[in-house]
**Student:** 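First, the structure itself, so that you have it in front of you.
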Amino acid sequence: MGKMAAAVASLATLAADPREDAFRKLFRFYRQSRPGTADLGAVIDFSEAHLARSPKPGVPQVVRFPLNVSSVTERDAERVGLEPVSKWRAYGLEGYPGCQRHWVKQCLKLYSQKPNVCNLDKHMTKEETQGLWEQSKEVLRSKEVTKRRPRSLLERLRWVTLGYHYNWDSKKYSADHYTPFPSDLAFLSEQVATACGFQGFQAEAGILNYYRLDSTLGIHVDRSELDHSKPLLSFSFGQSAIFLLGGLKRDEAPTAMFMHSGDIMVMSGFSRLLNHAVPRVLPHPDGECLPHCLETPLPAVLPSNSLVEPCSVEDWQVCATYLRTARVNMTVRQVLATGQDFPLEPVEETKRDIAADGLCHLHDPNSPVKRKRLNPNS
């Protein structure tokens with residue numbers, strides 16, 4: 001309770017700005033917060049086993065969320081590296097109705113490749129970005145990592161879109177901007193959605209965000225999908241982050257919570273259209289280290305129909321070096337309702353450039369490119 005009081009006191013010391021709403025004030029507070037201090041005393045940590053029984057004063061009650069245990073077979077869960085649903089721990093917030101190495105490697109080595117779209121496309125040719133992993137791996141394997149070393153392409157990656165590619169300019173999806181959605185990620189998403197009661201969920205679009213320690217995700221609402229009855233799934237890997245979940249309006253103060261490596265967030269029902277943001281990615285308290293959950297490789301023997309694959313020592317060396325100072329987040333959504341088509345758009349609208357790096361919503365203060373910051377889907 002002492003930490004909570006200290007955090008509130010620190011928040012009160014922020015210089016008042018009459019133009020600043022409640023969400024923005026907390027976003028700024030956590031952006032400037034000091035890891036390991038009372039600044040983070042009010043942030044909900046879902047990894048605490050006693051969480052649901054001992055809520056912190058002034059913080060929304062955390063409750064266990066019931067899962068549909070029988071909806072996903074142990075065999076299907078195992079295929080994508082998940083434990084049986086009976087072993088999952090799911091939580092919800094009162095007032096808000098509503099195996100990692102493989103997926104890290106997929107995000108860095110496979111999903112970042114063509115034909116998928118990324119922020120680098122605006123300033124580089126397809127030939128230059130085609131070998132993104134190959135061009136980066138030797139740099140990241142180097143033991144002499146210094147601030148003077150030029151950043152690899154992987155370290156310059158900020159976002160990748162999958163399936164129906166989100167247009168950062170028009171804030172829309174369209175049938176003309178589509179590439180096949182990764183089958184392994186689709187199956188993983190469908191199992192998670194089904195366990196949460198959303199049978200029939202179809203993974204149609206994905207946005208992968210690649211955060212450095214000084215990156216943020218601005219306040220926004222994901223409303224560009226045409227079917228809001230389906231959940232938005234978010235998978236986190238690497239360094240922990242502070243996630244802010246607000247209300248329908250920005251003048252409602254948000255709730256802060258940690259997103260650790262391996263955490264899955266499902267935004268559905270009322271929470272599907274709430275304001276949210278990431279003001280801070282937190283460095284590991286022991287320096288440039290990996291979270292403990294990433295230290296264990298996949299079992300040597302996997303089911304014959306497994307969709308997850310062991311990560312080679314060489315590949316993991318690259319991934320581990322990257323993640324010591326980074327966070328990767330996959331968000332998956334269903335764009336259309338069953339049987340629904342996209343509305344007709346003017347010809348000039350469908351031909352707009354979907355790879356506009358200048359419209360990237362992730363803030364990177366060290367980038368040599370001056371980016372206009374926009375919030376996705378807002």
**Student:** Given E252 and N275, is the side-chain contact (heavy atoms from CB on, under 4.5 Å) satisfied, shown in steps?
**Tutor:** CA-CA 9 Å; E252 298 179 51; N275 283 284; over 6 Å; no
**Student:** Keeping D263 on the side-chain end and S236 on the backbone end, is there a donor-acceptor pair under 3.5 Å?
**Tutor:**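 Not confirmed, D263 side chain does not pair with S236 backbone.
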**Student:** Around atom NZ of K249, are there more than 12 heavy atoms from other residues, nucleotides or ligands closer than 6.0 Å?
**Tutor:** no
**Student:** If you take all heavy atoms of A203 and A186, which pair is closest and at what distance?
**Tutor:**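 In this case the closest contact between A203 and A186 is CB-CA, 3.8 Å.
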**Student:** Donor-acceptor pair, distance only, cut-off 3.5 Å: does the side chain of Q334 make one with the backbone of D227?
**Tutor:**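 Side chain of Q334 to backbone of D227: no pair is present.
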**Student:** Closest heavy-atom contact between T179 and H165?
**Tutor:** OG1-NE2, 2.8 Å
**Student:** Ignoring hydrogens, what is the shortest heavy-atom contact between A205 and Y173? Give both atom names and the distance.
**Tutor:**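 Nearest heavy atoms, A205 then Y173: CB-CE2, 3.7 Å.
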**Student:** Which distance, rounded to the nearest 0.5 Å, do you find between the CZ of F27 and the CG of D21?
**Tutor:** 11.5 Å
**Student:** Answer whether the closest heavy-atom distance between the side chains of L244 and P279 falls below 4.5 Å.
**Tutor:** yes
**Student:** With distance as the sole test, does D45 use its side chain to make a donor-acceptor pair with the main-chain N or O of M257 at under 3.5 Å?
**Tutor:** no
**Student:** Between atom OH of Y164 and atom NZ of K172, what is the distance when rounded to the nearest 0.5 Å?
**Tutor:** 16.0 Å
**Student:** Would you confirm whether T321, through its side chain, and L140, through its main-chain N or O, come within 3.5 Å as a donor-acceptor pair?
**Tutor:** yes
**Student:** Got M124 and R156 here, is their nearest side-chain heavy-atom distance under 4.5 Å?
**Tutor:** yes
**Student:** So, does S306 use its side chain to make a donor-acceptor pair with the main chain of V308 at under 3.5 Å?
**Tutor:**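 A pair under 3.5 Å: yes.
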**Student:** Can you say whether the rings of Y210 and Y322 are parallel (under 30°), tilted (30 to 60°) or perpendicular (over 60°)?
**Tutor:** perpendicular
**Student:** Walk me through whether Q106 and D184 qualify under side-chain hydrogen bond (donor to acceptor under 3.5 Å, both in side chains).
**Tutor:** CA-CA 10 Å; Q106 296 298 81; D184 57 348; 2.8 Å; yes
**Student:** Checking side-chain contact (heavy atoms from CB on, under 4.5 Å) between V335 and each of K230, Q202, E204, which is the one that passes?
**Tutor:**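 That would be E204.
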**Student:** Output, in order, the C-alpha distance, side-chain angles, deciding distance and verdict of side-chain contact (heavy atoms from CB on, under 4.5 Å) for L217 and F243.
**Tutor:** CA-CA 9 Å; L217 178 65; F243 182 86; over 6 Å; no
**Student:** For the backbone of S268 and the side chain of S271, can you confirm whether one donor and one acceptor N or O come within less than 3.5 Å of each other?
**Tutor:**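 Yes.
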**Student:** Looking only at atom types and distance, does a side-chain atom of R75 sit under 3.5 Å from a main-chain N or O of V72, one as donor and one as acceptor?
**Tutor:**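 No, R75 side chain to V72 backbone: no donor-acceptor pair under 3.5 Å.
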**Student:** Could you go step by step and tell me if V192 and F198 meet the side-chain contact (heavy atoms from CB on, under 4.5 Å) rule?
**Tutor:** CA-CA 9 Å; V192 172; F198 295 95; over 6 Å; no
**Student:** Looking at side-chain heavy atoms only, is the closest gap between H284 and R324 below 4.5 Å?
**Tutor:**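 The answer is no; the side chains never approach within 4.5 Å.
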**Student:** Using side-chain heavy atoms (C-beta onward) and a distance below 4.5 Å, is L274 in contact with L248?
**Tutor:**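 The answer is yes; the side chains approach within 4.5 Å.
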**Student:** Take atom CD of Q199 as the centre, draw a 6.0 Å sphere, and report whether it contains more than 12 heavy atoms from other residues, nucleotides or ligands.
**Tutor:** yes
**Student:** Within the 4.5 Å heavy-atom criterion, are R101 and C319 side-chain neighbours or not?
**Tutor:**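 Not touching, per the 4.5 Å side-chain cut-off.
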**Student:** Within this structure, what is the CG-CZ distance for the pair L188 and R79, rounded to the nearest 0.5 Å?
**Tutor:** 11.5 Å
**Student:** Whether the side chain of N116 engages the backbone of L162 through a donor-acceptor N/O pair (distance < 3.5 Å, no angle test) should be reported.
**Tutor:**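 No; zero donor-acceptor contacts below 3.5 Å.
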**Student:** Working to the nearest 0.5 Å, report the span between CG of L233 and CG of L185.
**Tutor:** 9.0 Å
**Student:** So do the side chains of T161 and H177 get within less than 4.5 Å of each other, counting heavy atoms only?
**Tutor:**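 T161 does not reach H177 side chain to side chain.
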**Student:** Could you give the distance from CD (E128) to CG (L120), rounded to the nearest 0.5 Å?
**Tutor:**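 Answer rounded to 0.5 Å: 10.0 Å.
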**Student:** Is any side-chain heavy atom of L282 closer than 4.5 Å to a side-chain heavy atom of Q239?
**Tutor:**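 They are not in side-chain contact.
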**Student:** So, is the end of the R327 side chain (NZ or CZ) under 6.0 Å from the ring centre of Y211 and within 45° of the ring's axis?
**Tutor:**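 Judged by the rule, R327 and Y211 form a cation-pi pair.
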**Student:** Identify the two heavy atoms, one from P343 and one from L226, that lie closest to each other, and give their separation to 0.1 Å.
**Tutor:**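 So the minimum-distance heavy-atom pair works out to CD-CD1, 3.8 Å.
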**Student:** Hey, is the main chain of R223 close enough, under 3.5 Å, to the side chain of H228 for a donor-acceptor pair?
**Tutor:** yes
**Student:** Using the side-chain hydrogen bond (donor to acceptor under 3.5 Å, both in side chains) rule, pick out the option among T331, D222, N329 that qualifies with S234.
**Tutor:**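 Exactly one candidate clears the test, N329.
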**Student:** Is there a donor-acceptor pair under 3.5 Å between the side chain of S240 and the backbone N or O of H260?
**Tutor:**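 No, the answer is negative, given that no donor and acceptor are paired below the 3.5 Å cut-off.
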**Student:** Could you check whether any side-chain heavy atom of D341 comes within less than 4.5 Å of a side-chain heavy atom of L336, counting everything from C-beta outward?
**Tutor:** no
**Student:** Run the salt-bridge test on R272 and E225 with the 4.0 Å N-O cut-off and return the result as yes or no.
**Tutor:** yes
**Student:** Looking at CE of M330 and CH2 of W103, how far apart are the two atoms once the value is rounded to the nearest 0.5 Å?
**Tutor:**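 Rounded to the nearest 0.5 Å, the CE-CH2 separation comes to 6.0 Å.
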**Student:** Work out which heavy atom in S33 is nearest to a heavy atom in I242; give both atom names and the distance.
**Tutor:**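 Taking every non-hydrogen atom into account, OG-CD1, 4.2 Å.
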**Student:** Using 30° and 60° as the class limits, which term best fits the ring planes of W168 and Y166: parallel, tilted or perpendicular?
**Tutor:** perpendicular
**Student:** Walk me through whether R212 and R158 qualify under side-chain contact (heavy atoms from CB on, under 4.5 Å).
**Tutor:** CA-CA 9 Å; R212 308 307 298 176; R158 292 295 170 262; 3.5 Å; yes
**Student:** Would you mind telling me which of K105, K109, K137 makes a side-chain hydrogen bond (donor to acceptor under 3.5 Å, both in side chains) with D315?
**Tutor:**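 Output: one option passes, namely K109.
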**Student:** Between V160 and C118, which heavy-atom pair has the shortest distance, and what is it?
**Tutor:** CG2-CB, 3.8 Å
